[in-house]
Protein chains: 2
Amino acid sequence: MTDRPHPLEGSSETVADRLALAIHEHRIPPGAKLNEDEVGEIFGVSRTVVRTALQHLAHDHLVTLRRNRGAFVAQPTVREAREVFEARALLEPRTARSAADRATPDDLARLETHIAAEHAALAAGDPGRALRLSGLFHIEIARIADQTTIAGFITQLVARSSLIIALYWHRRNALCESHAHHALLKALADHDGKRAEDLMKGHLLDLVSSLDLRNTEPLARSLKEALARP
Amino acid sequence: MTDRPHPLEGSSETVADRLALAIHEHRIPPGAKLNEDEVGEIFGVSRTVVRTALQHLAHDHLVTLRRNRGAFVAQPTVREAREVFEARALLEPRTARSAADRATPDDLARLETHIAAEHAALAAGDPGRALRLSGLFHIEIARIADQTTIAGFITQLVARSSLIIALYWHRRNALCESHAHHALLKALADHDGKRAEDLMKGHLLDLVSSLDLRNTEPLARSLKEALARP
DNA sequence: GGATGCGGGATCGTATACAATCCTGTCCGC
DNA sequence: GCGGACAGGATTGTATACGATCCCGCATCC
């Protein structure tokens, strides 16, 4: 009942957003094929708009477009995974510092809401939604820093991080996340830029350390393991 | 002879690249309208591929898509201009440091070529091409640092910087550019990461200081000045 | 028996056609 | 003379149609 095949709603961005959300919440696994006709029928739109949406997602590295093959949910390599988090390490700590200087009570309230919703999603057994909200927390900080350009980059990096987590997640330490976010919020509330910067840096390092980035290939996870011992 | 209206060459990315190059070299001014039929006829392709190319460029903030209005070459606001250079300030110095650690003789030779080509273009009275090569220098450094993700961001930021320069350029100090790049190359050749980082930081600050970012509107430059005294 | 060539089916890439929207110039009323 | 409504033209948004390419399965040949 919640998801009816809408006859036609608005534009291609809606389709892109819906697809991105599904990918972000791990409802569509990495490597999954996104058939144009199928997606078009689901959303009640033509292939034209689906193609536009897929190209949009491809530009954000959420899907991979292979010529005459179709669109697939991206499977970041370990190299890409490292690059994504190195980029985040360059962008986010300094942005968090700026956010600490500019955060208004309204901003802090919104962040608090995010954290609460994240907890609620976890309690409700919806880790995908919790992960999504966790990412929105980072994006919101960039927005508070009043840097829409950087916020755009972080949005992209968070989206890719979601795929990376889907592929390379190892430790089951969900508590770390929420606690780190809470500490970060406190630093922002205190307008302690230096602390916010350090906390963000550490938080990102924790995230990377919770991944298993030893393998060489992402599809090795489904291929090499299959023929590990011949 | 060099630029014939190709009957049909390859794909939409070619059109996007050609358009991006023209914008980058200031052959198409900010605010210019990009008619789909017109562009399609120029490149000998259909509107479908032109639309794809324009959406690609829109995603990189090189063109602005207005619903039912068409595509226009972007006109970054002063706010966007500041944001772009703040993002570059976050990304490029640290990337230059990494590049200094990894630069091979082959990399250095390629950078030397870039600088030489930049000088040649300036001498040939083609400042647009010189600016393009100057941007490629920055992108090449990110590539040397072996960070394709960051390189992608910098590519986007350099492209937007080209538009910003077209709109807000003030001082005519082209020497600064080439000299800064030469000093940077020397630091990279010496594998002096710290110096490369500092030089890049200073270079970006010089770039910003060569702009006139006082105005509030970008189109004021072409509209208000026209009817300054009625 | 295994590898190679080939054909059917499906899917993507591009072009074209139609509908919706917007801009511009003109006409009418005040 | 001037402001507003309206129609014409142009341009974009979306859908559909056709051609090209690729994958998969089967038959054939070595």
Side-chain angles (χ1 to χ4, degrees), chain A residues 4-19 23 28-75 219 222-223 226-227 230, chain B residues 4-19 23 28-29 31-75 219 222-223 226 230:
Chain A
R4 210 107 56 80
H6 291 249
L8 162 45
E9 39 189 79
S11 65
S12 69
E13 300 223 343
T14 307
V15 176
D17 288 345
R18 296 276 295 270
L19 282 174
I23 295 172
I28 310 179
K33 184 168 199 311
L34 298 174
N35 186 292
E36 295 181 355
D37 282 322
E38 195 176 348
V39 175
E41 187 150 359
I42 288 172
F43 291 107
V45 293
S46 174
R47 272 185 54 218
T48 307
V49 52
V50 175
R51 282 182 69 81
T52 303
L54 290 176
Q55 282 158 4
H56 207 80
L57 296 177
H59 200 294
D60 287 343
H61 299 272
L62 258 90
V63 309
T64 302
L65 258 46
R66 282 194 278 179
R67 188 173 183 82
N68 290 321
R69 296 287 301 277
F72 302 82
V73 178
Q75 290 181 308
L219 58 152
S222 64
L223 191 67
L227 40 96
Chain B
R4 208 108 55 81
H6 291 250
L8 163 44
E9 39 189 79
S11 66
S12 69
E13 300 223 343
T14 308
V15 176
D17 287 344
R18 296 276 295 270
L19 282 174
I23 294 172
I28 310 179
K33 185 169 190 343
L34 298 174
N35 186 292
E36 294 181 355
D37 281 322
E38 195 175 349
V39 175
E41 187 149 0
I42 288 172
F43 292 106
V45 294
S46 173
R47 273 184 53 217
T48 307
V49 51
V50 174
R51 284 182 68 82
T52 303
L54 290 176
Q55 282 159 4
H56 206 80
L57 296 177
H59 199 293
D60 287 342
H61 298 272
L62 258 88
V63 309
T64 303
L65 258 46
R66 282 193 278 179
R67 188 174 184 82
N68 291 320
R69 296 287 301 276
F72 302 83
V73 177
Q75 290 181 311
L219 58 154
S222 65
L223 192 65

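Proteins come first, then strands; the chains are lettered A, B, ... in the order of their sequence lines, and each starts at number 1.
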Practice problem: Report the distance from atom CG of N35(B) to atom C1' of dT12(D), rounded to the nearest whole Å. | Solution: 9 Å
Quiz item: Does L62(B) offer a backbone N or O that forms a donor-acceptor pair with the side chain of D60(B) under 3.5 Å?
Solution: no
Self-check item: Whole angstrom value for the distance that separates C1' of dG13(C) from CG of L54(A)
Solution: 14 Å
Quiz item: So which nucleotide from dG13(C), dA15(C), dT11(C) ends up closest to the side chain of S46(B)?
Solution: dA15(C)
Quiz item: Ignoring hydrogens and angles, does a donor from either the side chain of R47(A) or the base of dG13(C) sit under 3.5 Å from an acceptor on the other?
Solution: yes
Practice problem: Identify the heavy atoms of D37(A) and N35(A) that sit nearest to each other, and give their distance. | Solution: N-OD1, 2.8 Å
Quiz item: Taking CZ from R51(A) and C1' from dA15(D), how many angstroms apart are they, rounded to a whole number?
Solution: 14 Å
Quiz prompt | Spacing between F72(A) atom CZ and dT11(C) atom P, to the nearest angstrom | solution = 11 Å
Quiz item: Contact class for R69(A) (heavy atom, under 4.0 Å): base, sugar-phosphate, or nothing?
Solution: sugar-phosphate
Quiz item: Do F72(A) and Q75(A) pass the side chain to side chain contact (heavy atoms under 4.5 Å, CB included) test, and can you show the C-alpha distance, the side-chain angles, and the key distance before you say yes or no?
Solution: CA-CA 9 Å; F72(A) 302 82; Q75(A) 290 181 308; over 6 Å; no
Quiz item: Which nucleotide, dC12(C), dT16(D), dT12(D), lies nearest any side-chain atom of E36(B)?
Solution: dT12(D)
Practice problem: Tell me whether the OP1 or OP2 atom of dC12(C) has a side-chain N or O from K33(A) closer than 4.0 Å. | Solution: yes
Self-check item: Positive for salt bridge (Lys or Arg N to Asp or Glu O under 4.0 Å) with R47(A), one of E38(A), E41(A), E36(A)
Solution: E36(A)
Exercise. Starting at atom CG of D37(A), determine the distance to atom P of dG9(C), rounded to an integer number of angstrom.
Key: 17 Å
Self-check item: dT11(D) phosphate, OP1 or OP2, under 4.0 Å from N68(B) side-chain N/O
Solution: no
Practice problem: Check every atom of dT16(C), dC12(C), dG13(D) against the side chain of R67(B) and return the nucleotide holding the closest atom. | Solution: dG13(D)
Quiz item: Expressed in angstrom and rounded to an integer, what is the separation of Q55(A) atom CD from dG13(D) atom P?
Solution: 14 Å
